[in-house]
Chemist: 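My questions will all concern the structure given below.
As the structure lists them, so they are numbered: ligands from 1, and atoms in each ligand from 1. Both backbone and side-chain heavy atoms feed into the values below; hydrogens, waters and symmetry mates do not.
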Amino acid sequence: MKIVILGAPGAGKGTQAKRIAEKYAVAHISTGDILRENIKAQTPLGIQAKGFMDNGQLVPDDLVVALVADRVQREDCKNGFLLDGFPRTIAQAEALDKIMPPDAVLNIDVDTSLLLKRLTGRRVCAKCGAPYHIDTLNGATSCSLCDGELIHRADDTEETVGARLKVYEAQTKPLIEYYQAKGKINDVDGTLAIEEVFAACCKVLDGLQ
Ligand code: AP5
Ligand code: MG
């Protein structure tokens, strides 16, 4: 099962990807999480990526494609993988089609007006990356899964979120048409409750098996 999960910043890609990867026993590959780990560890990739990410811009295609090309060959991808946040440009989608074309694409659709609130109120686990929202945390400051500290992501400020949404519209949204032309798009209403969105994703994925 080779799946791509598409959606604007804050659409709920990470939230759904964690659940899907667990249920279907496939590897969850979030390019955003991998890049943030590289920034934390101050690797050459992290040092190159940081400026782009802090400004809400995309990291250059060649760097991200090389990262994914290596990642999908690993042992834990034998049963399949779920790409969260990749591809994000037509060039990345074309590169993926050469390496390992996806079987299906889930497009999590959420109106832009909801995204700003979701992102500025988001908290993420510093250890495992699990996303939360201040509206449902009831004051909790640690991750319910691994007890890691919950932090505010550096690019979740109002200003940077604005830049990320513009980048999505200009560079990533065209991927919907790209995959539509290949008959691979499955739209999912991302404005529903988390468990309802998950059920809709499972319905699509069950149809593939
Ligand atoms: P990345 O980490 O991928 O960020 P993003 O695409 O902007 O998406 P987010 O992680 O912000 O949102 P999400 O859709 O995962 O939402 P979540 O589930 O957390 O990328 C960051 C940066 O890295 C990029 O800007 C770029 O610089 C770089 N990068 C990464 N990949 C790249 C690539 N391929 N090429 C180039 N550069 C790349 O949910 C959001 C919030 O909403 C949470 O608070 C959550 O609790 C809440 N929520 C989720 N679902 C629901 C729901 N159904 N109802 C109510 N609330 C919900
Ligand atoms: Mg995410």
Chemist: Going by the atom numbers of ligand 1, which of them fall below 4.0 Å from some non-hydrogen atom of Phe86?
Modeler: 34 (N)
Chemist: Has ligand 1 got any nitrogen or oxygen that is less than 3.5 angstrom from a nitrogen or oxygen of Gln16?
Modeler: no
Chemist: What protein heavy atom is closest to atom 8 (O) of ligand 1, reported as residue, atom name and distance in Å?
Modeler: Lys13 NZ, 3.0 Å
Chemist: Can you pull out the closest protein heavy atom to atom 41 (C) of ligand 1? Residue, atom name and distance to 0.1 Å, please.
Modeler: Arg118 O, 3.7 Å
Chemist: Would you mind listing which atoms of ligand 1 come within a distance below 4.0 Å of any non-hydrogen atom of Gly14?
Modeler: 13 (P), 15 (O), 18 (O)
Chemist: Can you find an N or O of Arg122 that's nearer than 3.5 Å to an N or O of ligand 1?
Modeler: yes
Chemist: For atom 27 (O) of ligand 1, what's the nearest protein heavy-atom neighbour? Residue, atom name and distance, please.
Modeler: Gln57 O, 2.6 Å
Chemist: Using a strict threshold of under 4.0 Å (side-chain N to carboxylate O), is an ion pair present between Asp156 and Arg164?
Modeler: yes
Chemist: Strictly distance-based, threshold 3.5 Å: is any side-chain N or O of Thr160 a donor or acceptor partner for the main-chain N or O of Thr157?
Modeler: no
Chemist: Which ligand 1 atoms are under 4.0 Å away from a heavy-atom of Met53?
Modeler: 22 (C), 23 (O), 27 (O), 28 (C)
Chemist: Nearest protein heavy-atom contact for atom 12 (O) of ligand 1: which residue, which atom, what distance?
Modeler: Gly10 N, 2.9 Å
Chemist: Do Val72 and Leu96 have side chains that get closer than 4.5 Å, going by heavy atoms?
Modeler: no
